[in-house]
Amino acid sequence: MFDTLSDRLQGALGGVRGSARLEDEAISRAMREIRLALLEADVNLNVVKEFVAQVRERALGAEVTKSLTPGQEVVRIVHEELTALMGAGSSKLAVAPSPPTVILLAGLQGSGKTTAAAKLALLLRNEGRKPGLVAADLQRPAAIDQLEQLGRQIQVPVYREDTSDPVGAVRAGLQRARAEQRDVVIVDTAGRLQIDEPLMEELGAVRREARPTNVLLVLDAMTGQEAVNVAQTFQERVAFDGVVLTKLDGDARGGAALSVKAVTGKPIKLVSVGEKLDQLEYFHPDRMASRILGMGDVLSLIEKAEAAVEEDEQQAMEERLRKGQFTFDDFLSAQRMLRRMGPLQGVLKLIPGLGSQLKGVDIDEAQLRRVEAIVLSMTPQERRLPHVINGSRRQRIARGSGTTVQQVNQLLESRKQMEKLMKQMGKGKMPTLPGQLDLGAPQAPGPNGGSRSKSKKKKRSKARR
Amino acid sequence: MTRTWSELLGDADGRRETEDEQRGFFGRLRDSLTKSRRALTGELAAAAFDPADDAAWERLEEALIGADVGVRATAELVRRLEARGVAGDLAGPLAEEIADLLGEPATLGVAARPSVILVVGVNGTGKTTTIGKLAQKLRQHDRSVLLAAADTFRAAAEEQLEIWARRADADFVGSERGADPAAVAYDALERAAAGAHDVVIVDTAGRLHTQANLMDELAKVRRVIAGKLDGAPHETLLVVDATTGQNGLQQARLFGDAVGVTGVALTKLDGSAKGGIAVAIAYELGLPMKLVGVGEALDDLRPFHAPDFARALVAG
């Protein structure tokens, strides 16, 4: 449904390369497309208007770099402006001069505060801190149970109080956290509508009691135009310092992030990118810019790959591959590495230009599982020395894995092909892969080239190895 | 006249509703929220709409997009209003066209005995709360209800539903955390097969529609229900948060693909969000809205009534 903005601009501006300047009329066409793209990404209308005016000014008369088409040039400018706008302000959390650092989470119902509280606690614990959680959501049935269960899961203490007064719960919780020498305390509050006067009043009282070092607004990435009103009111009432953007693992473009930054000036600090408790990350403005523009996210992909593949695992496999060996054990572990990165469809979507080509294409996860079943039905000897797999063994493997002999044969054949490929590579020849992906021109020059840090460049080359 | 629960449930001579219930969500909204809801009409000076003024059309477009109606449904509404030759008062015709996009009034499929309602949606939209209130409403309309906690993923989800079951005086089938949700649904249907229940409502874990494995799991829950009882699930309700933006379309599309959604419950309409995504979903996917949630109180879950909703959207 969403064409990428680059495709659309290409259509609006034509693909003519050259050093022409961007002319007024062409820019107007481009700005209409940008406006539409941002609105479809749920960026607030007023923010869109302001932003487009700003970009327009910058684009007017801008010289089109030789290597780019006018469409790409506009995308580059838009991307840079977006990145700059969202990147202003630090994503770091403030640390209290004398512990504990108190972090107060607030937001609408269902934005993901309780889960975010646990994820943040785990993130801080993994950074060497001693976090504690205070349960101050006394509204939603079983909210405290939820926090306690999560706390047990990540081995972080949860302080709860049998009271219906959240201010009292916070006071008692903080006292106990101090007594137990916790250096960070995260306070989970009840979800509330920003127009609910009594509950907003209560949140103010909780804030005064907690005297937090950080107040974070928890915001659902799928929020629409309303994000601005929500953020403005929370800003007035509890003066938050930053935003935790949740549910970014979906396909929401997350334009709300831009809206909130634009109207409150508060930075996005953390983003939640998955259901697992370790899937909370610090915010990367350039990635968010790409996402809002529908340009995919190469850096996230690379980091996902790195996280999924352990260093020594990778080395061991490389070693064997260099020798031209590719057993079914290798086959299996390669496949598992891939699967650890998450559902294949999601992984592929991160590749720029591929997202839009993939719509309608079904990545058959079932087939991957079938392959795994076949390999698991082999004996260790068969996996190591596939040539011993004769007719009767094939029948046994097919029965064992619930597949057919044809499917087993297919897999045997593709392993052979793979091994051949590996042998070529081992000899230093670059094999020609059929159907190499065209990653789409717009990314090639790197619209965000300047902002990437050195360490990331290093990571990229490693991941490409 | 707003839509009553009896009409939604297809009861010919159902129990009469109290005045407060009848006032409907439109009245409740107007009473409590006028100050915070900036109506579209205010933004576009609808009383003196001049069709010759391009800026007026632009303001209309912007107001609709600002209400999350989305680019396509907005274009359709503008096209229709242009075709009608609207001039002067815009509010009435606009509300009519929005109501028209939203389609015919729907009923909730609870005629079969037992009827199974499968409730799905992304995380945090208010599935469990909606189920709790729906159970209470069904009890008030003389249905015996069984709630099944097939959300085996989120911590304490089962406890939350159990509390609602107690409040609504409904029976309850629980589960262990991490258990197979399809097995929970199966257990519930097994229990309902004894004949003591009119409606079984199956709560499922919130999941993002892009998570293929979790969507597969949901499809399995549906298959198990369908295999256990002919014609079930009789309703598959997608719960959508009214603050959702254009991603709501993707939610409806992908949940529809996976489990065949039959209707939408639009929740949290009591905030300042106008819930225009409902118009986009109805227009682009033809999915009927069936329920709206406008607050925390029991009576704040209402049958969806398109003219009311459209008027609230336009006139505030």
Side-chain angles (χ1 to χ4, degrees), chain A residues 1 36 39-42 44-46 48-49 108-112 114-115 118 139-150 152-153 191 193-196 220-227 229-230 233 246-247 249-256 274-275 342-346 349 363 365-366, chain B residues 32-33 35-38 62-63 65-68 70-71 122-126 128-129 132 153-164 167 177 206-214 216 241-251 253-254 267-268 270-274 276-277 295-296:
Chain A
M1 164 183 165
L36 220 54
L39 286 174
E40 280 183 342
D42 291 319
N44 177 272
L45 186 64
N46 294 323
V48 170
K49 280 187 181 170
L108 299 180
Q109 287 99 337
S111 54
T114 305
T115 310
Q139 297 271 336
R140 182 162 56 91
I144 296 182
D145 295 341
Q146 184 186 355
L147 192 64
E148 279 195 321
Q149 287 183 22
L150 293 172
R152 269 198 298 280
Q153 227 170 305
L193 286 167
Q194 85 279 10
I195 54 166
D196 188 325
D220 185 329
M222 293 179 279
T223 311
Q225 297 285 324
E226 208 36 38
N229 292 339
V230 173
T233 315
T246 59
K247 304 181 207 174
D249 42 337
D251 55 0
R253 302 267 288 278
E275 297 224 316
L344 207 48
Q345 192 101 44
K349 213 173 282 162
I363 304 294
E365 300 267 341
Chain B
S32 58
L33 305 168
K35 54 180 190 301
S36 57
R37 268 174 94 87
R38 279 169 304 158
E62 288 179 351
I65 284 170
D68 291 319
V71 172
V122 301
N123 319 60
T125 54
T128 307
T129 306
F153 179 79
R154 183 165 59 90
E158 189 203 9
E159 289 87 332
Q160 190 184 348
L161 189 68
E162 195 171 7
I163 293 170
W164 277 110
R167 284 184 195 169
R177 199 166 167 215
R207 64 200 74 219
L208 292 175
H209 46 287
T210 48
Q211 289 165 331
N213 44 348
L214 293 181
D216 286 349
D241 183 329
T243 47
T244 309
Q246 296 313 299
N247 193 252
L249 272 171
Q250 278 296 91
Q251 293 173 21
R253 207 173 270 134
L254 294 187
T267 58
K268 307 187 202 173
D270 46 334
S272 52
K274 298 189 180 77
I277 189 62
E296 305 261 321

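Throughout, protein chains are lettered first and strands after them, A, B, ... in sequence-line order, and every chain is numbered starting at 1. Computed from a predicted structure; not experimentally measured.
- In summary, the side chains of A:Asp251 and B:Gln250 do present a donor paired with an acceptor at a separation below 3.5 Å, with no hydrogens or angles considered.
- Residue with the most contacts toward chain B among A:Gly255, A:Gly112, A:Gly250, A:Ala256: A:Gly250 (heavy-atom pairs, distance under 4.5 Å).
- In this structure, the separation between CG on B:Asp270 and CD on A:Gln109 is 7.5 Å, given to the nearest 0.5 Å.
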**side-chain contact (heavy atoms from CB on, under 4.5 Å) between B:Val71 and A:Leu36, worked out** = CA-CA 8 Å; B:Val71 172; A:Leu36 220 54; 3.9 Å; yes
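- Contact of A:Glu148 with chain B is not made at all, since no heavy-atom distance falls under 4.5 Å.
- Within the 3.5 Å criterion, the main-chain N or O of B:Leu208 finds no donor-acceptor partner in the side chain of A:Lys247.
- In this structure, chain B has a heavy atom under 4.5 Å from the side chain of A:Asp42, while its backbone stays farther away.
- No donor-acceptor pair under 3.5 Å is formed between the side chain of B:Asp68 and the backbone N or O of A:Gly224.
- Neither the backbone nor the side chain of A:Leu147 comes within less than 4.5 Å of any heavy atom of chain B.
- For the 3.5 Å distance criterion, the side chains of B:Glu159 and A:Gln149 qualify, holding a donor opposite an acceptor.
- When all heavy atoms of A:Pro141 and B:Arg167 are compared, the closest pair comes out as CG-NH2, 3.9 Å.
- Using a 4.0 Å cut-off between a side-chain N of Lys or Arg and a carboxylate O of Asp or Glu, A:Lys49 and B:Glu62 qualify as a salt bridge.
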